[in-house]
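Here's the structure, in structure tokens; my notes come after.
Computed from a predicted model, the values in this text were never measured in an experiment. Just so it is clear: chains get the letters A, B, ... in the order the sequence lines come, proteins before strands, and each one is counted from 1.
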2 protein chains.
Amino acid sequence: MTNSRIRASEILTRAEEDYLKTILELEEEHESVTTSLLATHLRVKPASVTGMIQKLARSRPPCLHYESHRGVTLTPVGRQIALEVIRHHRLIEQYLAQALGYDWDKVDAEAEKLEHVISEELEDRIAAVLGDPIFDPHGDPIPSKDGSVTATSRLPLTAIQAGQVVRVTRVRDDDPELLRYLAGLGIRLQARLTIVERAPFEGPLTCQVGGAETEARICALGRGATDRIFVEFDEGTG
Amino acid sequence: MTNSRIRASEILTRAEEDYLKTILELEEEHESVTTSLLATHLRVKPASVTGMIQKLARSRPPCLHYESHRGVTLTPVGRQIALEVIRHHRLIEQYLAQALGYDWDKVDAEAEKLEHVISEELEDRIAAVLGDPIFDPHGDPIPSKDGSVTATSRLPLTAIQAGQVVRVTRVRDDDPELLRYLAGLGIRLQARLTIVERAPFEGPLTCQVGGAETEARICALGRGATDRIFVEFDEGTG
DNA sequence: ATACAATTTTAGGTATGACTAATTCTCGAA
DNA sequence: TTCGAGAATTAGTCATACCTAAAATTGTAT
Ligand SMILES: [Mn+2]
Ligand SMILES: [Mn+2]
Ligand SMILES: [Mn+2]
Ligand SMILES: [Mn+2]
């Protein structure tokens with residue numbers, strides 16, 4: 001069985017799907033997707049990455065462009081497959097949170113496995129039950145079936161000045177511990193933050209969580225947190 | 001990496017889990033679970049079965065007893081793992097049917113993949129949402145967490161005489177086409193059947209579906225159907 | 001222009017789990 | 001009791017996807 005041909009939405013292995021998904025996610029944040037960058041995010045060794053990207057570049061049609069020592073770029077075919085996997089992942093995360101009461105720190109690990117095994121029918125039913133959601137529990141956009149993706153804030157809390165008022169729109173989902181910690185502080189999607197103070201030299205950022213109406217809490221966040229929280233300037237005091 | 005030790009509820013591969021599940025299912029219906037029987041049900045070649053059962057017999061503690069040319073028997077450890085996989089499978093089937101509106105002919109294929117990847121937490125949440133169901137959409141019992149299994153009817157429709165009135169309590173889930181066909185006839189779980197006539201020499205069984213109250217339909221079922229439908233004698237005309 | 005350090009690729013190996021083909025075993029019939 | 005058909009096992013391959021160690025490449029610093 002020589003499995004060297006791939007059509008869009010063909011049967012790929014779990015490993016292949018994870019590579020394509022990760023490449024697309026990294027393309028959005030890095031100008032070049034290198035072997036070592038992929039190895040870090042996929043938790044495998046660089047030699048393994050080289051082997052896999054060579055296979056994906058050899059597939060017909062190719063899922064990605066690859067030149068030795070130059071990093072990789074997804075082809076339209078590879079990008080479409082990656083978007084399908086990401087749609088699965090984020091839809092499942094949202095379903096676990098909405099329909100099954102999962103906390104936002106647990107959904108990623110579960111979705112990581114389920115994303116590879118659900119059928120088109122299950123994908124569609126989940127989307128229907130949720131009313132075709134556009135965002136996952138961390139504020140990441142869920143690609144539509146045709147592959148379009150809503151833009152999200154790239155403004156990290158780290159970049160905000162003292163005195164400004166912002167709303168949380170996205171939180172990196174790669175650190176469950178941080179997510180649980182933030183939930184404990186009341187920092188969730190749509191939470192309003194008023195920046196009280198920014199200590200210099202990468203010192204902590206002090207902010208007030210929630211409006212003055214409710215019991216507002218003050219907390220200090222380090223760089224590890226503020227780099228992973230994305231915000232928009234608050235329009236209209238809801 | 002020598003992965004030869006297995007504790008109950010340890011990480012097994014998908015293939016290993018499917019073998020153990022299938023062995024338990026076959027033990028219930030056959031006095032001896034042979035290599036070729038397993039090969040047929042797992043859709044692999046006998047040589048592959050020999051290899052896998054030798055590995056499962058060598059695992060520590062062993063998942064099954066195996067003597068060359070003598071078939072296999074699950075050990076308590078193997079049985080417990082098999083029950084966990086079957087619990088996953090049937091809970092998922094029931095969830096797909098109840099919560100997501102799946103038809104009973106589609107749930108098996110989907111559950112076959114999902115059963116291997118859901119976490120203990122997801123299993124528990126699904127069970128909770130469904131109110132700890134005891135049966136799956138085909139009337140098969142869902143093993144409880146402690147491994148107990150409700151007994152089900154082993155009386156096939158084939159064994160029923162003309163004139164008798166029975167209720168459908170279980171239908172084999174291995175043939176989606178048959179399930180869809182039966183659904184079209186109104187033959188589902190708890191449907192009442194009145195046997196009108198039994199043609200001799202394995203001829204068709206004619207029966208009336210549903211009570212006389214509703215629009216009762218007459219249909220003729222061949223052996224392929226009646227062997228796969230299990231019934232109980234109807235108590236009280238509900 | 002050269003050399004070195006970091007990155008990347010190649011070479012070679014492991015484990016899983018399937019396959020085919022060849023061989024061996026078992027058990028019933030002669 | 002022997003024989004042979006069918007069932008099962010062994011032997012040898014292949015594909016996937018990881019790994020380590022060695023070799024090659026790149027770009028930067030001298
Ligand atoms: Mn994954
Ligand atoms: Mn997410
Ligand atoms: Mn399965
Ligand atoms: Mn079932």
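- In this structure, CZ of A:Arg14 is placed 11 Å from P of D:dA17, rounded to the nearest angstrom.
- For B:Glu29 and B:Arg172, the salt-bridge test passes: some basic side-chain N is under 4.0 Å from an acidic carboxylate O.
- Side-chain atoms of B:Thr13 lie closest to C:dT16 of the nucleotides D:dT9, C:dT16, D:dT16.
- Atom-to-atom, CZ of A:Arg43 to P of D:dC19 comes out at 12 Å; the value is rounded to the nearest Å.
- Considering only the side chain of B:Ala47, D:dT10 comes nearest among D:dT10, C:dT10, D:dC19.
- B:Lys21 pairs in a side chain to side chain contact (heavy atoms under 4.5 Å, CB included) with only one of the listed residues (B:Glu112, B:His88, B:His41), which is B:Glu112.
- Two residues, A:Arg70 and A:Ala15, neighbour DNA chain D, and the one matched to the more 5' nucleotide by heavy-atom proximity is A:Ala15.
- Salt bridge B:Asp103/B:Arg180: absent, no basic N to carboxylate O contact under 4.0 Å.
- Residue A:Lys45 has its side chain nearest to D:dT20 when only D:dT20, C:dT8, D:dA7 are considered.
- Distance CD1 (B:Ile11) to C1' (C:dA15): 16 Å, rounded to an integer number of Å.
- The distance between atom CG of A:Asp18 and atom P of D:dA17, rounded to the nearest whole Å, is 11 Å.
- Of the candidates C:dT8, D:dA17, C:dT16, the closest approach to any side-chain atom of A:Thr35 belongs to C:dT8.
- In this structure, B:Glu120 pairs ionically with B:Lys145, as a charged nitrogen and a carboxylate oxygen lie closer than 4.0 Å.
- Here B:Ser36 lies in heavy-atom contact (under 4.0 Å) with sugar-phosphate atoms only.
- Taking atom CG on B:Leu12 and atom C1' on C:dA15, their separation rounds to 15 Å, with Å as the unit.
- Using a 4.0 Å cut-off, no side-chain N or O of B:Tyr19 falls inside it from OP1 or OP2 of C:dT16.
- Residue B:Ile53 contributes atom CD1, which lies 15 Å from atom P of D:dA7 at whole-angstrom precision.
- For A:Gln54, the listed nucleotide lying nearest its side chain is C:dT10; candidates were C:dT10, C:dT9, C:dC19.
- When the nucleotides C:dT20, D:dC19, D:dT10 are ranked by their closest atom to the side chain of B:Thr50, D:dT10 comes out on top.
- Between the C1' atom of C:dT8 and the CD atom of A:Glu67 lies a distance of 14 Å, rounded to the nearest Å.
- In this structure, CD of B:Glu16 is placed 14 Å from C1' of C:dA18, rounded to the nearest angstrom.
- Cation-pi contact between A:Arg125 and B:Tyr102: present, with separation from the ring centre below 6.0 Å and deviation from the ring axis of at most 45°.
- In terms of phosphate contacts, A:Tyr66 brings no side-chain nitrogen or oxygen within less than 4.0 Å of OP1 or OP2 of C:dT8.
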